[in-house]
Participant: 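Take this structure first; my questions come after.
Below, chains carry the letters A, B, ... as their sequence lines are ordered, and counting in each starts from 1.
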Amino acid sequence: MLDSSFFSPALHPIPSAKPIEAAWLGRCATEVAPDLLGCTLVRRWEDGRCIRGRIVEAEAYTPGDPACHAYRRRTARNAVMFGPAGFSYVYLIYGMYHCLNVVTDADGAPSAVLLRALQLETIPPEANPRNEKPTRVAAGPGKLCRALDIDLSHTETPLKPGQSLWLEHRSPDLTQAWEDGAIAVTQTTRIGISQGIDHPWRWYVTASPAVSKR
DNA sequence: TGAAGGATTTGT
DNA sequence: CAAATCCTTCAC
């Protein structure tokens, strides 16, 4: 039975689940991105405090994709995307926001999945200065990082339990819901880019109130 | 060494 | 629609 809290605008605890391994991420970003919907991002602080968010929106950036930061060549900033899957890639955008990616695909194939929106289980008071609706606090890649206090110091983090960031698989009830086709997913074009605009490489949970844009 | 521009967000 | 704001990239 699907936990109805998945679509609820209120805050609900998210149960821990099996951690996602690097090998699972070592596939094409266009496969991984939709598979990450319904999975959980865990942010752990030095003091051991953790906050979880359910991924409801993601975009894929692939080798040969002109919108990918690694399209032109390997640089200091994008180097992690050229390595093996299972690491974070965080960058600064427009001088004021950070964006969190999950590095995917084989070693040497520069690609990643941009995490664009989460449904949070709890909201740190300092993470919501404008007192937005809880479902909107992590609606958008910049807001997601602001909510979870993610910045450039978090790039190239191995995504494993005990680190500052890791991923967990869908809970059993959500896995069942996906198998049943009970969760509608929308696939469409990516946001904010000027090249590669025709690739339909953005996926989001259709009914989620936390999706950044429609 | 400098200039242009960006996988965003917000308010006008 | 334009501002905020600064790092990265590429040209000179």
Side-chain angles (χ1 to χ4, degrees), chain A residues 25 28-37 41 43 53 55-83 85 87-105 109-120 123-124 126-157 159 165 167 185-205 208-214:
Chain A
L25 297 167
C28 181
T30 53
E31 284 182 46
V32 174
D35 285 354
L36 278 174
L37 299 183
L41 174 69
R43 168 77 166 99
I55 299 167
V56 296
E57 181 181 352
E59 288 179 354
Y61 291 85
T62 71
D65 169 12
C68 181
H69 284 179
Y71 178 61
R72 290 177 178 274
R73 62 194 185 88
R74 179 186 176 121
T75 64
R77 179 178 69 155
N78 65 28
V80 68
M81 277 199 283
F82 286 79
F87 287 80
S88 64
Y89 165 52
V90 180
Y91 65 90
L92 176 67
I93 186 70
Y94 301 119
M96 43 177 50
Y97 294 101
H98 298 274
C99 293
L100 171 65
N101 295 254
V102 175
V103 174
T104 55
D105 216 321
S111 65
V113 170
L114 171 67
L115 303 186
R116 289 192 55 93
L118 304 176
Q119 290 185 188
L120 297 174
I123 297 175
E126 66 276 18
N128 190 8
R130 297 175 187 281
N131 200 27
E132 285 190 285
K133 283 187 288 190
T135 48
R136 303 303 297 169
V137 170
K143 296 169 76 178
L144 183 161
C145 286
R146 187 179 63 191
L148 296 183
D149 192 25
I150 295 167
D151 59 30
L152 289 183
S153 72
H154 296 93
T155 198
E156 302 192 36
T157 299
L159 300 171
L165 294 167
L167 297 162
V185 170
T186 299
Q187 178 178 7
T188 183
T189 50
R190 297 173 293 181
I191 286 181
I193 55 175
S194 56
Q195 295 180 292
I197 57 176
D198 292 331
H199 293 303
W201 289 347
R202 173 176 175 238
W203 291 263
Y204 62 85
V205 176
S208 171
V211 168
S212 66
K213 289 178 180 173
R214 302 174 185 280

Participant: Nearest whole angstrom, please: distance from the C1' of B:dA7 to the CH2 of A:Trp203.
Facilitator: 14 Å
Participant: Using a 3.5 Å distance criterion without hydrogens, assess whether the side chain of A:Thr155 forms a donor-acceptor pair with backbone atoms of A:Val90.
Facilitator: yes
Participant: Please state how far atom CG in A:Leu144 lies from atom C1' in B:dT9, giving the value in whole angstrom units.
Facilitator: 14 Å
Participant: Assign A:Thr75 to base, sugar-phosphate, or nothing according to its heavy-atom contacts below 4.0 angstrom with the strands shown.
Facilitator: sugar-phosphate
Participant: Are the side chains of A:Leu41 and A:Leu167 in touch, meaning some heavy atoms are under 4.5 Å apart?
Facilitator: yes
Participant: Heavy atoms only, 4.0 Å cut-off, all strands: where does A:Leu152 land among base, sugar-phosphate and nothing?
Facilitator: nothing
Participant: With respect to the phosphate group of C:dC7, does any side-chain polar atom (N or O) of A:Arg77 fall under 4.0 Å of OP1 or OP2?
Facilitator: no
Participant: What stem regions, each of at least 3 consecutive Watson-Crick or G-U pairs below 3.5 Å, can be found for DNA chain C?
Facilitator: B:1-6 with C:6-11, B:8-11 with C:1-4
Participant: Is A:Lys213 near enough to B:dT8 that one of its side-chain N or O atoms lies under 4.0 angstrom from OP1 or OP2?
Facilitator: no
Participant: Distance check needed: B:dT10 C1' versus A:Asn131 CG, whole Å only.
Facilitator: 16 Å
Participant: Strictly under 6.0 Å, is that where the ring centroids of A:Tyr89 and A:Phe87 end up?
Facilitator: no
Participant: Evaluate the side-chain proximity of A:Val103 to A:Leu25: yes if any heavy-atom separation is below 4.5 Å, no if none is.
Facilitator: no
Participant: Can you tell me, in whole Å, how much space there is between the C1' of B:dG5 and that of C:dA2?
Facilitator: 15 Å
Participant: Do any of residues 90-99 of chain A sit with a heavy atom less than 4.0 Å from DNA chain C, and if so which?
Facilitator: A:Leu92, A:Tyr94, A:Gly95, A:Met96
Participant: Looking at every strand, decide which applies to A:Arg73 at a 4.0 Å heavy-atom threshold: base, sugar-phosphate, or nothing.
Facilitator: sugar-phosphate
Participant: Could you check A:Leu118 against A:Ile55 for side chain to side chain contact (heavy atoms under 4.5 Å, CB included), going step by step and ending with a plain yes or no?
Facilitator: CA-CA 5 Å; A:Leu118 304 176; A:Ile55 299 167; 3.6 Å; yes
Participant: Is there a donor-acceptor contact under 3.5 Å from the side chain of A:Glu57 to the main chain of A:Ser212?
Facilitator: yes
Participant: Tell me the closest heavy-atom pair linking A:Leu165 and A:Ile150, and the distance in Å.
Facilitator: CD2-CD1, 3.8 Å
Participant: Within this structure, what is the CZ-to-P distance between A:Arg136 and B:dT8, rounded to whole angstrom?
Facilitator: 14 Å
Participant: Whole angstroms only, please: what is the OH-P distance between A:Tyr71 and B:dG6?
Facilitator: 15 Å
Participant: Starting at the 5' end of DNA chain B, which residue's closest nucleotide do you reach first, A:Arg130 or A:Ile191?
Facilitator: A:Ile191
Participant: With rounding to the closest Å, how many angstrom separate the P atoms on C:dT5 and B:dG2?
Facilitator: 22 Å
Participant: Atom NE2 of A:His199 and atom C1' of B:dA7: how far apart are they, to the nearest Å?
Facilitator: 14 Å
Participant: Check this one for me: any side-chain N or O of A:Arg146 less than 4.0 Å away from OP1 or OP2 of B:dT8?
Facilitator: no
Participant: Check the distance between B:dG6's C1' and A:Ile197's CD1 and give it to me in whole angstrom.
Facilitator: 16 Å
Participant: Taking 4.0 Å as the cut-off, does a side-chain nitrogen or oxygen of A:Arg72 come that near to OP1 or OP2 on C:dC10?
Facilitator: yes
Participant: Where the side chain of A:Lys143 is defined as all heavy atoms beyond and including C-beta, which of B:dT8, B:dG6, B:dT10 is the nearest nucleotide?
Facilitator: B:dT10
Participant: Which atom names give the shortest non-hydrogen contact between A:Asn78 and A:His69, and what distance separates them?
Facilitator: ND2-O, 3.1 Å
Participant: Figure out the CZ/C1' separation between A:Arg202 and B:dT8, and round it to whole Å.
Facilitator: 13 Å
